[in-house]
Amino acid sequence: MQVEVAIAAVPDKEKRAVLAAAVSKLFDKWGLSTADRLALLGLSEENRAALQRYAKGEALAANRDLTDRVGHLLGIHKSLRLLFPRNEEIVAGWISSPNAKFGGNTPIQVVRRYGLPGLAMVRGTLDAMRGS
């Protein structure tokens, strides 16, 4: 029963293709290395080919963890654009810059350490900043 619920929550293939294209463009905008892209998506170093497929428009794998991660990444970008509407440099570099809110670690380091919960924590921090 739980498997059916998880599969039902994953967007259809067309939507997953749109998400793949969006996150690929976002990673380019952020100027991330291949290793950082893989880490943010929760993919192993051996899965570099997936990044190339996503950049070419192939749909994300029908995987709840992956679609959740992409949702958080797009939410992070949206929050950054709202917080810093006139500073594209901050928007582009924030994810890989040391941050006092994370003990001097970069948001990417937080995600590497804590995985999906770390990604949610990074997004939640930005959401809290928007609310204050």
Side-chain angles (χ1 to χ4, degrees):
M1 196 65 144
Q2 290 177 327
V3 173
E4 292 175 24
V5 171
I7 291 172
V10 176
D12 65 23
K13 190 172 184 176
E14 185 177 312
K15 289 179 183 175
R16 288 185 285 111
V18 170
L19 290 173
V23 80
S24 294
K25 288 179 186 175
L26 178 59
F27 286 163
D28 290 342
K29 180 180 185 88
W30 285 348
L32 298 181
S33 68
T34 298
D36 286 342
R37 293 171 191 229
L38 290 167
L40 289 173
L41 293 176
L43 301 174
S44 70
E45 284 285 329
E46 294 79 37
N47 210 350
R48 292 172 177 257
L51 291 177
Q52 294 171 344
R53 290 192 310 268
Y54 299 154
K56 291 178 182 175
E58 187 174 312
L60 294 173
N63 174 307
R64 177 70 185 260
D65 181 83
L66 183 58
T67 55
D68 284 352
R69 284 173 178 269
V70 171
H72 284 303
L73 291 164
L74 296 174
I76 287 168
H77 183 63
K78 177 182 177 181
S79 289
L80 289 169
R81 288 183 46 221
L82 291 169
L83 286 166
F84 308 105
R86 293 181 181 90
N87 197 329
E88 281 297 315
E89 192 173 307
I90 291 175
V91 172
W94 187 88
I95 196 85
S96 57
S97 298
N99 192 305
K101 293 187 182 300
F102 305 120
N105 292 304
T106 69
I108 292 173
Q109 289 171 319
V110 171
V111 176
R112 284 181 182 273
R113 175 175 284 162
Y114 299 108
L116 182 56
L119 195 53
M121 182 171 62
V122 169
R123 184 178 184 184
T125 298
L126 285 169
D127 290 345
M129 289 170 62
R130 282 180 41 209
S132 56

**Request:** Output yes when a side-chain donor or acceptor of R130 lies under 3.5 Å from a complementary backbone atom of L83, and no otherwise.
**Result:** no
**Asked** Which pair of heavy atoms, one from R48 and one from L38, lies closest together, and at what distance?
**Response** CG-CD1, 3.8 Å
Report, one line per pair, each donor and acceptor closer than 3.5 Å where one atom sits in a side chain of residues 22-30; sequence neighbours left out.
{"unit_1": "S24", "atom_1": "OG", "unit_2": "A20", "atom_2": "O", "d": "2.9"}
{"unit_1": "S24", "atom_1": "OG", "unit_2": "A55", "atom_2": "N", "d": "3.4"}
{"unit_1": "D28", "atom_1": "OD1", "unit_2": "R37", "atom_2": "NH1", "d": "3.0"}
{"unit_1": "D28", "atom_1": "OD1", "unit_2": "R37", "atom_2": "NH2", "d": "2.9"}
{"unit_1": "K29", "atom_1": "NZ", "unit_2": "E88", "atom_2": "OE1", "d": "2.7"}
{"unit_1": "W30", "atom_1": "NE1", "unit_2": "V91", "atom_2": "O", "d": "3.3"}

**Message:** Tell me the closest heavy-atom pair linking Q109 and T106, and the distance in Å.
**Reply:** OE1-N, 2.7 Å
**Side-chain heavy atoms of L41 within contact of N47, under 4.5 Å** = no
**Request:** May I ask whether Y54 and V18 are part of the same hydrophobic cluster, defined by side-chain heavy atoms of I, L, V, M, F, W, Y residues being less than 4.5 angstrom apart, directly or through others?
**Result:** no
**Asked** Quick check: are there more than 12 heavy atoms from other residues, nucleotides or ligands sitting under 6.0 Å from CD of E45?
**Response** yes
**Asked** To the nearest 0.5 Å, what is the distance between OG (S79) and CZ (R123)?
**Response** 6.5 Å
**Minimum-distance pair of heavy atoms, taken over all atoms of P98 and G104** = CB-O, 3.3 Å
**Message:** Could you tell me if the side chain of L82 sits less than 4.5 Å from the side chain of L126, heavy atoms only?
**Reply:** no
Let me check something: any side-chain donor-acceptor pairs from residues 110-122 under 3.5 Å, sequence neighbours excluded? List them with distances.
{"unit_1": "R112", "atom_1": "NH2", "unit_2": "A35", "atom_2": "O", "d": "3.4"}
{"unit_1": "R112", "atom_1": "NH2", "unit_2": "D36", "atom_2": "OD1", "d": "2.7"}

**Request:** Measure the CD1-CD1 distance between I76 and I95 for me, rounded to the nearest 0.5 Å.
**Result:** 4.5 Å
**Prompt:** Closest approach of A17 and G57, non-hydrogen atoms and distance?
**Reply:** CB-O, 3.7 Å
**Prompt:** Where is the tightest heavy-atom contact between R64 and T67, given as atom of each residue plus distance?
**Reply:** O-OG1, 3.1 Å
**Request:** Quick one: pull up CD in E58 and CZ in R16 and give me the separation to the nearest 0.5 Å.
**Result:** 9.5 Å
**Prompt:** Quick one: CD1 on I108 to OG on S97, what's the gap to the nearest 0.5 Å?
**Reply:** 9.0 Å
**Prompt:** Does L19 reach the side chain of L74, with side-chain heavy atoms less than 4.5 Å apart?
**Reply:** yes
